[in-house]
Structures are given as C-alpha cells and as structure tokens.
Amino acid sequence: MKALVTGGAGFIGSHIVDRLLDDGHEVTVFDDFSTGKNENLPDHDRLVVIEGDIRDYDALLNNMVGVEHVFHQAAIASVPKTIDDPIGSNAVNYQGTLHVLEAARNSGVQKVVFASSAAVYGDEPTLPKVETMLPVTLSPYAVDKLASEHACRIYHQLYGLETVCLRYFNVFGPRQDPSSPYSGVISIFADRLDQGLTPTVYGDGEQTRDYIFVSDVVEANMKAIANSAATGEVFNIATGNKTTLNQLLKTMCDLKGVDVAADYQQMRQGDIKDSYANVDKAAALLEWKADIELNQGLQNLFQQ
Ligand code: UD2
C-alpha cells in the first residue's frame with residue numbers, strides 16, 4: 001500500500017509512519033516542519049519526505065498520485081494558539097482538512113483517516129463522553145475539528161471517498177515535545193522530574209483525564225483502514241479509564257523513584273474538570289480497544 005501522512009514528522013504522525021514502514025508500505029510524509037522534526041523520522045528507502053503546507057492544495061494534489069490511504073494528522077495542535085488567531089488556525093485546521101479531502105477525492109485515494117479530538121465535547125458535563133452527545137465546542141480548535149469531521153462525512157456521502165474520524169483523548173508517549181506549557185502534561189511532568197524541578201499542578205489535581213498511549217492510537221488508525229464498518233463514522237480513541245492528575249503524578253514519581261511535592265497553582269482558565277470516554281463504539285465497529293495501561297505506557301516512555 002502507498003500511504004501519505006500529513007503531519008508525519010510530528011508526535012503521533014511519526015509513530016504512524018514507523019508502523020506503516022514496519023508493515024512494508026510505501027510512505028510519503030507531508031509536513032511543514034512548523035512543529036514536526038526531521039529527527040522523528042527514520043532514513044528509509046520506502047519513505048519520501050515532502051516539506052509542504054496543507055494550505056497549499058496543489059502541493060497536496062501533486063503528492064497524492066498513486067496514494068491509497070491518507071492519515072491526516074497535520075494541525076495547529078495548541079488550543080491557546082487557535083484562540084489567539086482563529087482565522088489563521090481555521091486556514092490550517094479546517095480549510096487544510098478540506099484541501100486534504102479534495103486532493104484525495106481528485107487523486108482516487110480510497111480512504112482518509114482524520115485525527116479529530118476530544119476537544120469537540122467541550123465541557124458538556126455528561127460522562128463518559130459518548131459519540132452520540134451533542135458537542136459543545138469551547139475553542140476555535142474544537143470548532144475546526146468538528147467542522148472537519150462534518151467535511152469528512154459529506155465527502156463520504158457526496159463523493160464516495162471513504163473517511164473515518166478518530167477523536168483522540170489525552171495521547172502520550174515518546175517524541176511528545178514538552179517545551180510549551182500546553183504540551184501534554186505527561187511530557188511536561190516527565191521533563192521536570194528528570195531535571196529535578198517541581199511540577200506545577202493547576203487546580204487541586206483532582207481533575208481526571210483519559211490518557212492513551214501512542215501505540216494504541218497508531219493501532220486505531222490501522223483498524224480504521226482495515227475495517228469497512230468504520231467508514232463514515234466517528235470514534236472515541238481512549239482507554240475508558242479516568243485518572244486524576246494527583247494519581248498520575250504519584251505514579252510517575254513512583255516509577256522514577258523520586259518523591260516530589262507539586263506546586264499547586266490556580267486552575268487554568270477553560271480547563272475541563274473531568275474527561276473520559278465511552279469506548280463501546282470503537283470496540284464494536286472499529287474492532288479496537290486500548291491495550292496499554294497507563295502504568296505500562298509510562299514505563300515504555302521512561303525506557304526511551
Ligand atoms: C487536551 C488536549 C488539547 C485539547 C483538550 C480538549 C493535549 C496535550 N491537549 O488538553 O489539545 O484537545 O484536551 O479538552 O492532549 N496540567 C498541570 N500542569 C502542567 C500541565 C498541565 O496541572 O504543567 C493540567 C492541565 O491544567 C489539565 C491536565 O493537566 O488539567 C491535562 O492537561 P493537558 O494540557 O495535557 O491536556 P488537556 O486535557 O488540558
């Protein structure tokens with residue numbers, strides 16, 4: 001199979017690339033390297049790396065010749081950035097998706113798997129989050145992800161392009177960059193513990209999240225391609241388990257053999273109190289469920 005991965009030099013995209021190469025496929029990475037890194041990618045004779053921008057429809061079209069499957073991971077992933085610049089973010093996160101879909105349609109691509117986000121649920125209080133809930137978006141990021149899901153659905157209905165949308169919850173694993181305050185909390189905590197610095201906990205630490213290891217997210221992408229029952233659908237990609245931030249920090253400290261008291265600060269504006277997913281739909285139609293428990297995932301991360 002020939003696959004194209006947008007955002008393939010980024011955290012999740014580069015793990016998808018590794019898996020596709022391991023499975024014997026030909027892979028094109030399409031990445032603007034705004035946050036993606038060359039060092040996330042291997043030197044491989046079946047890998048082509050294109051420095052390109054998903055705002056550039058022609059560049060996408062040129063690179064989709066002969067491609068069967070597209071994994072669309074490219075996005076401005078920082079929610080605060082999209083709040084600062086909703087128009088610029090929309091050009092990437094929504095219109096960019098439209099370009100990917102249109103180029104896929106015009107190139108005879110069979111299937112597009114789209115990286116959506118738990119952000120679409122906003123702070124709708126119902127738990128666990130289930131795909132049938134009406135989303136209550138709280139940021140331009142979430143609006144663009146939700147709009148992109150709708151675009152995927154209509155490209156399937158109107159043009160017959162097969163699409164699958166995966167709503168990632170809190171993904172963690174190797175190559176997640178801890179450098180911004182809005183990076184995944186696990187990468188930030190790990191970095192601070194390694195440097196002997198005090199981790200900051202925003203709020204009382206009792207907020208819950210559904211942390212999913214990156215290899216499980218990769219597997220969900222593979223299932224999205226393999227299972228025809230998934231086509232045209234949206235799925236939560238999560239474990240179905242909730243962990244408080246205090247529990248998370250304690251587990252991380254225990255695994256690293258350190259004893260650190262966190263610095264408790266005011267809860268972040270717009271922070272969601274509780275988030276975890278119902279994963280029944282993914283089990284039924286995608287035939288996928290998360291394999292790696294938080295503890296195991298943290299051990300894998302720390303062994304890197
Ligand atoms: C996740 C996604 C975000 C968006 C959002 C939608 C990540 C990295 N971010 O944000 O893109 O989809 O869900 O709901 O997956 N925290 C600390 N100390 C720190 C850093 C974070 O206490 O140094 C807290 C933070 O306030 C939050 C929790 O840890 O309560 C998780 O933070 P996060 O940034 O990893 O993820 P989240 O759920 O805010």
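Atoms within each ligand, like the ligands themselves, are counted from 1 in listed order. Start at 1 with the first residue, then count along the sequence.
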Could you tell me which atoms of ligand 1, counted from 1 in the order shown, lie closer than 4.0 angstrom to a heavy atom of [X]?
| X | value |
| --- | --- |
| Val201 | 22 (O) |
| Gly184 | 8 (C), 35 (O) |
| Ile272 | 14 (O) |
| Gln207 | 30 (O) |
| Thr200 | 17 (C), 18 (N), 19 (C), 22 (O), 23 (O) |

Next on the checklist: What I want to know is whether Ser117 and ligand 1 share at least one N or O pair that is separated by under 3.5 angstrom.
Outcome noted: yes
Item to check | Nitrogen or oxygen of Gln176 less than 3.5 angstrom from that of ligand 1 | outcome: no
Checklist entry - With a 4.0 Å heavy-atom cut-off (strictly under), which part of Ser183 contacts ligand 1: side chain, backbone, both or neither? => result backbone
Heavy atoms only: which of [options] is nearest to [atom]?
| atom | options | value |
| --- | --- | --- |
| atom 30 (O) of ligand 1 | Thr208, Thr244, Asp274, Asp271 | Asp271 |
| atom 38 (O) of ligand 1 | Arg209, Met267, Gln265, Arg167 | Arg209 |
| atom 36 (O) of ligand 1 | Val79, Asn170, Val185, Leu245 | Asn170 |

Within a strict 4.5 Å, meaning less than it, do heavy atoms of the [X] and [Y] side chains meet?
| X | Y | value |
| --- | --- | --- |
| Tyr276 | Leu127 | yes |
| Asp144 | Thr82 | no |
| Ser116 | Val234 | no |
| Val164 | His156 | no |

Kindly state if [atom] has a protein heavy atom within a strict 4.0 Å cut-off, that is, under 4.0 Å?
| atom | answer |
| --- | --- |
| atom 9 (N) of ligand 1 | no |
| atom 19 (C) of ligand 1 | yes |
| atom 23 (O) of ligand 1 | yes |

Item to check | Of Asp254, Val260, Leu255, the residue whose pairing with Val258 passes side chain to side chain contact (heavy atoms under 4.5 Å, CB included) | outcome: Val260
Checklist outcome for this item: Residues Gln73 and Ile12: closest non-hydrogen pair is OE1-CG2, 3.8 Å
Checklist entry - Would a hydrophobic clustering, with Ile, Leu, Val, Met, Phe, Trp and Tyr connected at side-chain separations under 4.5 Å, put Phe169 with Val171? => result no
Next on the checklist: For the backbone of Asp58 and the side chain of Asn62, can you confirm whether one donor and one acceptor N or O come within less than 3.5 Å of each other?
Outcome noted: yes
Item to check | Protein residue, atom and distance nearest to atom 17 (C) of ligand 1, heavy-atom basis | outcome: Tyr202 CD1, 3.2 Å
Checklist entry - Of the protein's non-hydrogen atoms, which lies at the shortest distance from atom 5 (C) of ligand 1, and what is that distance? => result Ala119 CB, 4.4 Å
Checklist entry - Asp210 pairs by side-chain hydrogen bond (donor to acceptor under 3.5 Å, both in side chains) with which of Thr239, Thr243, Asn236? => result Thr239
Next on the checklist: Is the distance from the ring center of Phe172 to that of Phe213 below 6.0 Å?
Outcome noted: yes
